There are 4 protein chains.
Amino acid sequence: MNERGNQTGVQGLIDRIHAESRKICNRGEVTSYISELSSVDISKFGMAVCELDGNMFAAGDSDERLSIQSISKIFTLEIALKLIGDRLWDHVGREASGYSFDSIEHLQSECGIPRNPFVNAGALVVTDTILQGRIAQDCIGGILSHVRNLSRSDDVTIDRVVARSEIESGSMNFAISHFMKSFNRVRHDVDEILNVYSHQCAIRMTCRELARAGLILANGGKDPVTDERFISRKAARQINALMMTCGQYDGSGTFACRVGLPSKSGIGGGILAIVPGKASIAVWSPGLNGHGNSLVGSLAIEELARAMDWSVY
Amino acid sequence: MNERGNQTGVQGLIDRIHAESRKICNRGEVTSYISELSSVDISKFGMAVCELDGNMFAAGDSDERLSIQSISKIFTLEIALKLIGDRLWDHVGREASGYSFDSIEHLQSECGIPRNPFVNAGALVVTDTILQGRIAQDCIGGILSHVRNLSRSDDVTIDRVVARSEIESGSMNFAISHFMKSFNRVRHDVDEILNVYSHQCAIRMTCRELARAGLILANGGKDPVTDERFISRKAARQINALMMTCGQYDGSGTFACRVGLPSKSGIGGGILAIVPGKASIAVWSPGLNGHGNSLVGSLAIEELARAMDWSVY
Amino acid sequence: MNERGNQTGVQGLIDRIHAESRKICNRGEVTSYISELSSVDISKFGMAVCELDGNMFAAGDSDERLSIQSISKIFTLEIALKLIGDRLWDHVGREASGYSFDSIEHLQSECGIPRNPFVNAGALVVTDTILQGRIAQDCIGGILSHVRNLSRSDDVTIDRVVARSEIESGSMNFAISHFMKSFNRVRHDVDEILNVYSHQCAIRMTCRELARAGLILANGGKDPVTDERFISRKAARQINALMMTCGQYDGSGTFACRVGLPSKSGIGGGILAIVPGKASIAVWSPGLNGHGNSLVGSLAIEELARAMDWSVY
Amino acid sequence: MNERGNQTGVQGLIDRIHAESRKICNRGEVTSYISELSSVDISKFGMAVCELDGNMFAAGDSDERLSIQSISKIFTLEIALKLIGDRLWDHVGREASGYSFDSIEHLQSECGIPRNPFVNAGALVVTDTILQGRIAQDCIGGILSHVRNLSRSDDVTIDRVVARSEIESGSMNFAISHFMKSFNRVRHDVDEILNVYSHQCAIRMTCRELARAGLILANGGKDPVTDERFISRKAARQINALMMTCGQYDGSGTFACRVGLPSKSGIGGGILAIVPGKASIAVWSPGLNGHGNSLVGSLAIEELARAMDWSVY
C-alpha cells in the first residue's frame with residue numbers, strides 16, 4: 001500500500017474489503033435479544049472511513065441506517081463527562097469486567113458500582129447521571145441533538161418501535177437497575193432511566209453518519225473540520241482508553257491485540273473504531289460473535305488497520 | 001513545556017518529578033509477599049527515560065538494581081511469541097481478568113486457561129511454553145541472556161536469595177500450577193515451572209537497564225540503535241496491547257485512562273511504560289497501591305506523560 | 001431434667017431460658033432492612049412450645065405479635081406443594097445456596113432457577129406459583145386464611161405499613177424478580193408478585209400462634225389436635241428437610257450441627273423450629289446475627305433442645 | 001410392608017430392591033477421576049443393612065470390597081473430633097458449599113477456610129489435623145485401625161495401587177492444599193497430607209463392613225453391640241447433621257428432601273446412610289450421577305427408607 005492515506009488508496013481498500021466481507025457475511029448470529037432487530041438481514045454490510053480533513057470513503061450499505069445500540073454509550077459518556085468531568089468516576093469504574101455485557105458478576109462484591117461505562121450497568125449509571133433531574137423526554141432530546149451535531153446530520157432518528165421492544169425484552173436491565181438502586185447507586189426512577197436508555201440504544205444512523213460522529217475522538221475532542229470543541233482533550237482520551245480496554249466487552253483485549261485501535265460495538269452489528277490523529281471508522285454487519293460483537297465487522301476493521309498500518313502501538 | 005522531547009526538556013522534567021516524588025514516596029505499602037523484598041527502603045525512587053535514538057535521561061536511584069518481579073513476564077512473553085507465535089493464544093487468553101494478579105477466579109469456569117499472560121496463571125503457562133523440554137537451568141540462562149541482550153548490559157543478574165524466598169512463599173503459585181495441571185494446561189513438572197518462574201521474577205536491573213530493555217517495544221520489535229530485530233512488529237504490538245489492557249492487573253483500565261500508555265508493573269515497585277515510536281520509561285518506587293502497582297511510580301509516569309503530551313490516544 | 005416432656009418440665013425449662021435470655025437480649029443487631037422493623041425493641045423476648053397433644057407452654061412476650069417475615073416462606077411453600085406437588089421442583093432447587101438470603105450468586109450460572117424456596121429468589125418463585133392467575137388481593141387473602149387456619153386464630157393480621165415499607169426498600173427483590181423474568185422463570189408481573197410477597201412477609205403473629213401453626217410439620221402434615229390434614233406427609237417431610245438444610249440461610253449447617261432440628265428464621269427476629277413427632281417451637285428476639293437469624297433466639301432453641309434431648313440425629 | 005423392621009421384612013425388601021436395581025445399574029457413569037477405579041464393573045450392586053442389635057441383612061455383591069473414597073471423610077472426622085472436639089470448627093466450616101466436591105469457589109473469599117469437612121478442602125484440613133505431627137505412615141495406620149475396630153473386621157485393607165493412582169491424578173487436591181497453605185490453613189507439608197489423604201480414600205471395605213462401621217452414628221457414638229464408646233453423643237450428632245447438609249455435595253439438599261436420612265457418598269459408588277436410633281445402611285453401585293453420587297445406590301436407599309418409613313422428619 002504505497003498510497004497510504006490518499007483517497008484512491010482508502011477507497012480502493014474498503015471496496016476490496018467490502019467485496020471480501022460480502023462473501024462471509026452470513027457468519028455469526030443476528031441478535032435475538034430484541035425482536036425488532038432479530039429480523040435484520042444478515043447479509044447487510046456497510047463501511048465508512050472519515051479522515052481528519054473530513055474526507056469520507058464508504059462502501060456497501062453505508063447509507064442505510066443501523067440501530068447503534070451500545071455504541072450510544074459513547075455519546076452519553078461524552079455528555080456525562082462534559083457535565084461532571086472526573087466526578088463521574090466516583091460512580092462508575094474504569095476496569096474491564098471479565099464478563100458479558102449484561103453480567104451481574106462483580107456488582108454484588110463491588111457494592112453496586114459498575115465496572116465500566118460500557119457494560120450495561122455502567123451505561124445505566126451514565127444515563128442516570130445525564131438525566132440530572134430532567135424528565136426523560138428532555139434527556140432523550142438532548143442525546144439525539146448531541147448525536148446530530150456530531151454527525152452533522154439531522155436525519156439521525158430514534159426508532160421508537162425498537163425502543164419499546166427494548167423495554168419489553170429488557171428484564172435484565174431492570175434487574176441491574178433495581179440492583180444498583182438497592183445500593184443507592186442510581187438516583188432516578190428505574191422506569192425513567194430505562195426509558196432514556198432504551199431510546200438512546202434505538203438511535204439509527206448510517207455508517208457515514210457514525211464515522212462522522214466519531215471524528216472528535218480522533219481529534220482530541222474537537223471537530224477537525226469545523227474546529228468546534230465538543231469535549232476536552234482529556235475526556236476524549238479517556239473515552240478512547242475505555243474503548244480500548246472495555247469497548248468490546250470480554251472480547252476487548254483480543255481486539256486490542258489484533259487491531260490496536262479503540263472501538264465500541266453494538267448488538268445491532270455496528271462498530272465504531274478510532275484512529276487517533278487520523279480517522280474514524282464505522283462498519284456494519286449484523287452477524288455477531290460469541291461476545292456480542294460484529295464478527296465480519298471486526299475482521300473488516302482488522303484488515304483495514306493492517307493495510308493502512310493503523311495501530312496506536 | 002516548550003522544549004518537548006529535546007534533551008534539556010526531558011532531563012529537567014524528570015529531575016522535577018524526582019524531587020516531587022521524593023516528598024510523597026512513603027505512600028503505599030512495600031510488598032509483604034516475599035520476605036526478601038519486604039525490607040526494601042520505601043524511600044527509594046529511580047526513573048529513566050530512553051528515547052528511540054538511544055539517549056538516556058535518568059534521575060534518583062536509577063543506577064540501583066531493583067527486583068523486576070512481574071515485569072519479567074514481558075521478557076518471557078517475548079521469548080514465547082518468538083518461539084511459537086500466535087499458537088501461544090491457544091494456551092492463554094488475551095482478556096483482562098477483573099481480579100487480582102494471583103486470583104483463581106475464572107480458572108475454574110474457563111477450564112484452567114488463564115485470562116492473559118500477565119496474571120500469574122498466564123505467566124506460568126508462558127514459562128511452561130519456553131521450558132519446551134529443556135531443564136530449568138538452561139531455560140533460566142536463556143531468559144537472563146535475552147534480558148542482557150535487550151538491555152545491552154551484562155550486569156543484569158538473578159538474585160538467588162529472592163528466587164528461593166519466592167519458592168518458599170509461593171504457595172499460591174503452586175496452587176495455581178497444580179490447578180492448571182489438573183486441566184492438562186501445563187506440560188512440565190510444577191516444581192520445574194516454578195523453579196524457572198521464581199528465577200525470572202528475581203532478575204535485578206537498574207531503571208536505566210530496564211528502560212533500555214523496553215526500547216524494542218517502542219520500535220516495533222527492533223532495537224532502534226543497533227537495528228537488531230528481536231521480535232516481529234506484530235508481536236511487539238500484541239505485547240503493547242496486552243500491557244495496555246492487562247499490564248497493571250485490575251488497575252489497568254484506570255492507568256490506561258489516566259496515562260494512555262502501555263505499561264507493566266512488578267511488586268518490587270518497578271514499572272515499565274512504552275511510548276510507541278518515541279521512548280521507553282522505567283520507574284522504581286517500592287510503595288504499592290491496592291492493586292499491587294507502584295503508587296508513586298504510577299504518578300511519576302502520569303506526570304511525565306502529561307507534560308510530554310505522550311499518549312497513544 | 002428428669003421430667004422430660006411433662007408440663008412442669010417444659011414450663012420450668014422455658015421460664016429458665018427466658019430469664020437467661022433476657023440478660024443477653026441486647027446482643028446482635030435489629031434489622032435495618034425495613035424501616036418499620038428497625039424500631040422494634042431489641043429487649044423483646046418471647047418463646048412458646050406446642051406439643052403434639054396441643055399443650056402450650058409459653059414465656060416472655062409470647063402474646064405480642066412479631067413480624068414473621070421469611071417464616072412466611074414456609075406457609076406459601078405449604079400452599080404451593082398442595083397446589084402442584086413435586087412439579088414445584090422444576091422451578092426451584094432444593095440445595096443450600098452458600099450465600100446470603102438475597103444473594104444473586106448462582107442465579108446467573110443456573111439460568112435464573114433459585115437454589116431453594118427459602119432464599120428470596122426461591123420464595124418469589126413460590127409466590128409466583130400460588131398466584132396462579134389470581135389477582136394479588138385474592139392470593140394474599142388465601143395465604144392469611146391458611147395461616148389463620150393453621151394457628152387456629154383469627155387474630156393473625158397483616159401489617160400494611162410494614163408491607164408498604166417492604167416494597168419501598170425492596171429494590172433487591174425487584175432486581176431478583178426482573179432477573180428471573182429475563183430467564184422466564186416467573187409468569188406474573190413483577191409488581192404483582194412483590195405485592196403478594198411483601199404482604200406475606202408482613203404477617204404478624206404471636207409466638208403462641210406461630211408454634212401452633214407449625215404443629216402440622218411435627219405431625220406429618222396433619223393437625224394433631226383436630227386431625228385435619230393440611231398437606232401430605234411427604235410434603236411435610238420435604239419442608240422439614242429444607243428447613244434443616246436451608247432454613248437459616250448460610251447459617252443452616254451450623255444450626256443443624258448445634259441443634260439438630262429443622263427451623264426457619266425471619267429478620268423480624270422470629271424462629272420456628274420443629275421437633276418431628278413431638279412439638280413445635282416458636283421464639284422471638286429481634287437481635288440478629290451476621291447471617292440474619294435471631295442470635296438469642298437460636299441460643300434459646302439450642303438450650304431447650306439440649307435440655308429436652310430433642311434432636312433428629 | 002406389614003413386617004416392618006423384623007428380619008424377614010428387611011431381608012425381603014432389600015432382595016427386591018437388589019433385583020430392581022440390577023435392571024437399571026448401567027445408569028450413570030463410573031468415575032473417570034482415578035484410572036484404577038474407572039475399570040470397575042458398572043453392573044456391581046451390593047447392599048447391607050445393620051440394625052442396632054447387630055442383625056445384618058445383605059444382598060448382591062455385599063461381600064465384595066469397594067473403594068470407599070470420600071466415605072473415609074466420616075472416619076477421619078470421627079478421629080479429629082475425638083482429638084480436638086469443637087476446636088475443629090475454627091479450621092473448617094459447617095455449611096454446604098453450593099459447588100462440587102473439589103470446587104475452589106468460596107476458598108478465596110473465605111480466606112482459605114473450607115466450607116465443610118466433606119468437600120475435599122475440608123477433608124484435607126481434617127487430615128492435616130489428625131496428622132498432628134506424626135509421620136504419614138503412623139497416621140494412615142491409625143485410620144485403618146479405627147475403621148477395622150468400627151467394622152469389627154481385620155480384613156479391611158488399603159489398596160496401595162489406588163492410593164498411588166490418586167496421588168498421580170490428584171492435581172486438584174494439590175492445588176487446593178497449596179491454596180490453603182498460602183493462607184496458613186494447613187500445618188503439615190502438602191505431600192504429607194496428600195499421602196495420608198490418598199491412603200484413607202483407598203480403603204477397601206465390603207458393604208457389610210461399611211454398614212457395621214456406621215452403626216455408632218446410629219447409636220450416639222457407641223457401638224450398640226459391644227457397648228464400646230468411640231465418640232461422644234454430641235460428635236455423633238454433629239457428624240449426622242453434616243452428612244444431612246453436606247454429605248452428597250451439591251446433591252445433599254435433594255437427597256435430604258427425598259430420603260430424609262444423613263448419608264455420605266464416595267466416587268467409588270458407595271453410600272453410607274444412617275437411621276438414627278435404628279440402623280446403618282451401606283450400598284454400592286458404581287454408576288454416578290452428575291453430582292458424583294451413586295445414582296442407583298441413591299434410589300435403592302430412597303426405596304428402602306420409603307418402605308421402612310425411615311426418615312428423621
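Residue numbering restarts at 1 for every chain, and letters A, B, ... go by the order of the sequence lines. Please read these numbers as outputs of a predicted model, since none were measured by experiment.
By the 4.0 Å N-to-carboxylate-O rule, B/D309 lies close enough to A/R237 to be salt-bridged with it. Residues A/D250 and B/R115 are paired through a salt bridge, judged by an N-O separation under 4.0 Å between the basic side chain and the carboxylate.
In plain terms, the two heavy atoms of B/H106 and A/G98 that are nearest each other are CE1-O, 3.1 Å. Residues A/Y313 and B/P276 come closest through the heavy atom pair C-CB, 3.7 Å.
Between chain A and the residues B/V275, B/V312, B/T254, the largest count of heavy-atom pairs under 4.5 Å involves B/T254. Between chain B and the residues A/S311, A/A256, A/S97, A/C246, the most heavy-atom pairs under 4.5 angstrom are made by A/S311. Ranked by heavy-atom pairs under 4.5 Å with chain B, the list A/N240, A/L261, A/I274 is led by A/N240. Ranking B/S252, B/A218, B/G260 against chain A, the residue ahead of the rest is B/S252, based on heavy-atom pairs under 4.5 Å. Interface remark: of the candidates A/K234, A/R94, A/Q238, A/E95, A/E95 forms the most heavy-atom pairs closer than 4.5 Å to chain B. Heavy-atom pairs under 4.5 Å with chain A peak, among B/A236, B/A96, B/G251, B/G93, at B/G251. In terms of non-hydrogen atom pairs under 4.5 Å with chain A, the most contact-rich of B/M243, B/R233, B/M244 is B/M244.
A 6.0 Å sphere centred on CZ of B/R212 holds more than 12 heavy atoms belonging to other residues, nucleotides or ligands.
B/C257 is listed as a side-chain neighbour of A/L242, based on a closest heavy-atom distance under 4.5 Å.
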